*Asks:* 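There's a structure below that I have some questions on.
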2 protein chains.
Amino acid sequence: MAALQARLPMRNPVPLQPAPTIETASVIRRVKAGETIYFEGDAATCCYRVVTGFAKEYSILEDGKRQVLDFYGIGEMFGISQSESHLHTAEAITDCTLRCFQRDAWLHAVTASPDLSQKFMNTLMTRLHRSRERLTMLGRMSATARMALFLMRLAEEQNSEQDVRFPMSRQDIGDHLGLTIETVCRILTDMKRRGIITGSTARLFSIPDMDALGLLAHGDASI
Amino acid sequence: MAALQARLPMRNPVPLQPAPTIETASVIRRVKAGETIYFEGDAATCCYRVVTGFAKEYSILEDGKRQVLDFYGIGEMFGISQSESHLHTAEAITDCTLRCFQRDAWLHAVTASPDLSQKFMNTLMTRLHRSRERLTMLGRMSATARMALFLMRLAEEQNSEQDVRFPMSRQDIGDHLGLTIETVCRILTDMKRRGIITGSTARLFSIPDMDALGLLAHGDASI
DNA sequence: CGTTGCTTTGATCGCGATCAACCTAGGTGG
DNA sequence: CCACCTAGGTTGATCGCGATCAAAGCAACG
């Protein structure tokens with residue numbers, strides 16, 4: 001209960017409800033860390049839900065620049081859109097177990113059931129809101145403020161201010177926040193120096209001073 | 001037919017289909033250019049569809065910085081989310097005629113009808129995609145490339161490369177693209193100097209060289 | 001005509017990118 | 001078990017894009 005999002009080779013602890021057909025028709029796919037789940041442009045025959053592990057979705061520009069659009073943890077759905085081909089590329093960050101649904105069947109099932117359709121609309125609206133918060137981060141917040149807000153959201157998702165994990169690399173964080181890997185490092189180092197966060201290893205940190213982090217996220221560079 | 005998005009005191013030319021109850025239950029609201037439609041935090045009792053005019057939705061940070069999240073033209077729905085209060089502020093750019101729906105009734109009607117729910121899910125997925133394209137713009141594209149892509153999208157929406165209108169101010173464009181008003185001006189001036197766009201007035205322009213604009217959007221600074 | 005608000009242009013500054021080493025942990029083979 | 005190798009992470013020096021500060025142009029309105 002403490003370690004929500006406990007991410008590794010451990011069965012999904014939540015027993016499935018008496019399965020509707022769309023669940024029983026689904027299959028499991030396992031992908032290793034770093035493997036691509038689908039490429040931009042691939043026929044979107046399947047959509048996915050994370051059973052275990054952590055994944056990301058990103059786009060790549062002609063010049064090779066990447067933008068990480070979203071990260072997906074346990075229970076999150078991805079790979080579904082209005083288009084019949086995938087609009088972005090998805091990749092496993094840690095080893096993943098994914099539940100795959102036939103896109104058409106899934107959309108049909110959702111449209112047919114008021115309950116499912118309400119749930120799905122809520123997911124979409126929440127995700128749109130998340131995307132818009134990020135727009136504001138990238139458009140109008142300083143590098144430090146972006147990083148601070150990112151850390152806060154990460155801690156929220158993991159329900160803890162202690163031993164928060166970065167499943168993703170520095171490069172992923174940079175590509176998510178519109179920063180270079182060097183800037184990400186420098187900001188993290190600086191936050192450690194100031195005692196706002198502590199980190200034993202590069203992928204694990206704690207937030208002893210959440211208030212200060214909140215101030216940074218709101219643009220108060222001082223402290 | 002030429003001037004799609006013709007925006008002013010002119011009745012909606014498309015006759016309404018035999019109205020389902022949710023349409024008949026709706027009311028019309030008129031707002032003047034610059035008026036706020038709703039503020040962030042307001043109870044989200046209503047959601048809206050643009051009948052005539054042009055509107056925007058934005059968020060404001062503590063330090064007064066604005067991020068314009070989206071623009072809405074004729075036929076577009078806005079002001080609906082998973083939350084019971086509005087998450088952002090909406091404002092009329094030109095004089096607007098809006099169709100207002102009771103949020104709860106509207107959500108109920110959508111959930112109940114497979115047809116409506118499919119349409120709404122499509123709208124949400126398309127909007128999420130639009131938001132993600134903007135994330136990529138803000139995160140990884142240069143000021144010039146952002147501006148070029150913005151102009152291309154504007155021309156697409158208006159179905160023309162001739163006499164494309166900016167309904168929004170330079171400030172709005174800047175706040176949308178994460179740039180200052182000065183940078184927006186300088187880039188437009190530079191594009192004019194290069195003959196990629198022409199503009200008689202500040203709010204009206206044409207794109208004689210769409211290919212060059214496309215190259216700029218893809219980061220080819222040369223030409 | 002003067003006022004007002006939007007737009008444009010110019011001069012300078014600073015944040016974050018870029019280029020270049022160096023460090024560190026984890027994995028591999030001898 | 002240690003020496004090596006490699007990928008990811010960190011730090012330093014410098015550069016340049018876009019922000020900021022300042023002022024002038026310009027169009028719509030009374």
Side-chain angles (χ1 to χ4, degrees), chain A residues 32-34 56 61 63-67 91 93-94 137-148 150 165-193 197-205 216 219-222, chain B residues 32-34 56 61 63-68 91 93-95 137-148 150 165-193 197-205 216 219-222:
Chain A
K32 291 248 165 73
K56 70 187 173 204
L61 302 181
D63 58 6
K65 283 173 184 154
R66 289 192 331 158
Q67 175 66 41
E91 192 179 307
I93 290 181
T94 63
M137 291 169 76
L138 297 197
R140 288 299 181 215
M141 290 169 60
S142 72
T144 305
R146 285 179 222 182
M147 195 67 214
F150 174 74
R165 287 185 43 82
F166 289 110
M168 70 291 283
S169 69
R170 297 288 189 268
Q171 185 69 58
D172 286 335
I173 299 172
D175 288 342
H176 183 54
L177 299 178
L179 302 173
T180 58
I181 192 176
E182 294 95 330
T183 300
V184 170
C185 274
R186 270 186 259 272
I187 290 171
L188 286 174
T189 304
D190 195 54
M191 285 177 175
K192 281 178 197 163
R193 207 173 356 237
I197 63 171
T198 57
S200 38
T201 77
R203 302 289 189 109
L204 197 66
F205 69 104
L216 281 188
D220 291 302
S222 50
Chain B
K32 291 249 165 74
K56 70 187 175 203
L61 303 182
D63 57 6
K65 283 175 186 154
R66 289 192 330 157
Q67 176 65 41
V68 171
E91 192 179 308
I93 289 180
T94 64
D95 292 351
M137 291 169 75
L138 298 197
R140 288 301 181 212
M141 290 169 61
S142 72
T144 305
R146 284 180 224 183
M147 196 67 214
F150 175 74
R165 287 185 44 81
F166 289 110
M168 69 291 282
S169 69
R170 296 288 189 270
Q171 185 69 59
D172 287 335
I173 299 172
D175 288 343
H176 182 52
L177 298 179
L179 302 173
T180 59
I181 193 174
E182 294 96 329
T183 301
V184 170
C185 274
R186 272 186 256 272
I187 290 171
L188 286 174
T189 304
D190 195 55
M191 285 179 176
K192 282 176 196 163
R193 209 176 353 242
I197 64 171
T198 58
S200 39
T201 76
R203 301 289 187 110
L204 196 66
F205 69 103
L216 281 187
D220 291 302
S222 51

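Everything numeric here is computed off the predicted structure, so don't read it as measured data.
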*Asks:* To the nearest Å, give me how far apart CZ (B:R140) and C1' (D:dC17) are.
*Replies:* 15 Å

*Asks:* Between A:L216 (CG) and C:dC15 (P), how many Å, whole number?
*Replies:* 15 Å

*Asks:* Under 4.0 Å between a side-chain N/O of B:R203 and OP1 or OP2 of C:dT7, yes or no?
*Replies:*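 Affirmative; the distance criterion is met.
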
*Asks:* Let me know the distance between CD of B:Q171 and C1' of D:dA19, rounded to the nearest Å.
*Replies:*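 So the two atoms are 13 Å apart, to the nearest Å.
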
*Asks:* Expressed in angstrom and rounded to an integer, what is the separation of A:M141 atom CE from C:dG16 atom C1'?
*Replies:* 16 Å

*Asks:* Base, sugar-phosphate, or nothing: which does B:R146 touch, judged by heavy atoms less than 4.0 Å apart?
*Replies:*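 No contact.
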
*Asks:* If I take atom CG in residue A:L138 and atom P in nucleotide C:dG16, what distance separates them, rounded to the nearest angstrom?
*Replies:* 13 Å

*Asks:* Hey, is the side chain of A:S142 poking within less than 4.0 Å of OP1 or OP2 on C:dC15, counting only N and O atoms?
*Replies:*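 No, outside the criterion.
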
*Asks:* NE2 of A:H176 to CE of A:M137: how many Å apart, nearest 0.5 Å?
*Replies:*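 Going from NE2 on A:H176 over to CE on A:M137, the span is 6.0 Å.
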
*Asks:* Listing time: all N or O pairs from protein to nucleotides 11-14 of chain C that are below 3.5 Å?
*Replies:*
from	atom 1	to	atom 2	distance (Å)
C:dA11	N6	B:R186	NH2	3.4

*Asks:* Using the closest heavy atom to pick a nucleotide of DNA chain C for each, name whichever of A:T201 or A:I187 lands nearer the 5' end.
*Replies:*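 Result: A:I187.
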
*Asks:* List for me each residue that meets side-chain hydrogen bond (donor to acceptor under 3.5 Å, both in side chains) alongside B:T144, sequence neighbours excluded, and say none if there are none.
*Replies:* none

*Asks:* Which of residues 174-183 of chain B sit near DNA chain D, with a heavy atom under 4.0 Å from it?
*Replies:*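 Within residues 174-183 of chain B, the residues near DNA chain D are B:G178, B:L179, B:T180, B:E182, B:T183.
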
*Asks:* Listed by chain and number, what are the side-chain contact (heavy atoms from CB on, under 4.5 Å) partners of A:T198, not counting sequence neighbours?
*Replies:*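 If we apply the side-chain contact (heavy atoms from CB on, under 4.5 Å) test to A:T198, skipping adjacent residues, the hits are A:S206, A:P208.
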
*Asks:* I'd like to check the side-chain hydrogen bond (donor to acceptor under 3.5 Å, both in side chains) partners of A:S142; sequence neighbours left out, ordered by chain and number.
*Replies:* none

*Asks:* Looking at A:R203, is its backbone amide N or carbonyl O close enough to the side chain of A:R165 to form a donor-acceptor pair, meaning the two atoms are under 3.5 Å apart?
*Replies:* no

*Asks:* Measuring from A:T183:OG1 to A:L177:CG, what's the distance to the nearest 0.5 Å?
*Replies:* 10.5 Å

*Asks:* Given atom CE of A:M168 and atom P of D:dG9, what is their separation to the nearest angstrom?
*Replies:*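 So the two atoms are 11 Å apart, to the nearest Å.
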
*Asks:* Angle, rounded to 10°, between the helical axes spanning five pairs at each terminus of the helix from C:dC1-D:dG30 to C:dG30-D:dC1?
*Replies:* 30°

*Asks:* Going by the rule side-chain contact (heavy atoms from CB on, under 4.5 Å), which residues pair with A:I181 if we only count those two or more places apart in sequence or in a different chain?
*Replies:* A:R170, A:Q171

*Asks:* Figure out the CG/P separation between B:L188 and D:dG18, and round it to whole Å.
*Replies:*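 It works out to 14 Å between those atoms.
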
*Asks:* Tell me, please, which residues at least two apart from A:K65 pass side-chain contact (heavy atoms from CB on, under 4.5 Å).
*Replies:* A:L61, A:D63, B:R140

*Asks:* What's touching nucleotides 24-26 of chain D from the protein side, N or O pairs under 3.5 Å?
*Replies:*
none

*Asks:* Just how far is it from atom CZ of B:F205 to atom NZ of B:K192, taken to the nearest 0.5 Å?
*Replies:* 9.5 Å

*Asks:* Tell me whether A:R66 contacts the main-chain N or O of A:D175 through its side chain, where contact means a donor paired with an acceptor under 3.5 Å.
*Replies:* no

*Asks:* Can a donor-acceptor pair be found, under 3.5 Å and without considering hydrogens, that links the side chain of B:D95 to the backbone of B:A33?
*Replies:* yes

*Asks:* Can you list every pair that meets salt bridge (charged side-chain N to carboxylate O under 4.0 Å, His left out) and has a residue in residues 177-188 of chain B, with sequence neighbours left out?
*Replies:* none

*Asks:* In whole Å, what is the span from the CG atom of A:D190 to the C1' atom of D:dG9?
*Replies:* 17 Å

*Asks:* Taking all non-hydrogen atoms of both residues into account, name the closest pair between B:A143 and B:L179 and its distance.
*Replies:* CB-CD2, 3.7 Å

*Asks:* Atom CD1 of A:I197 and atom OG1 of A:T189: how far apart are they, to the nearest 0.5 Å?
*Replies:*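 Separation between the atoms: 8.5 Å.
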
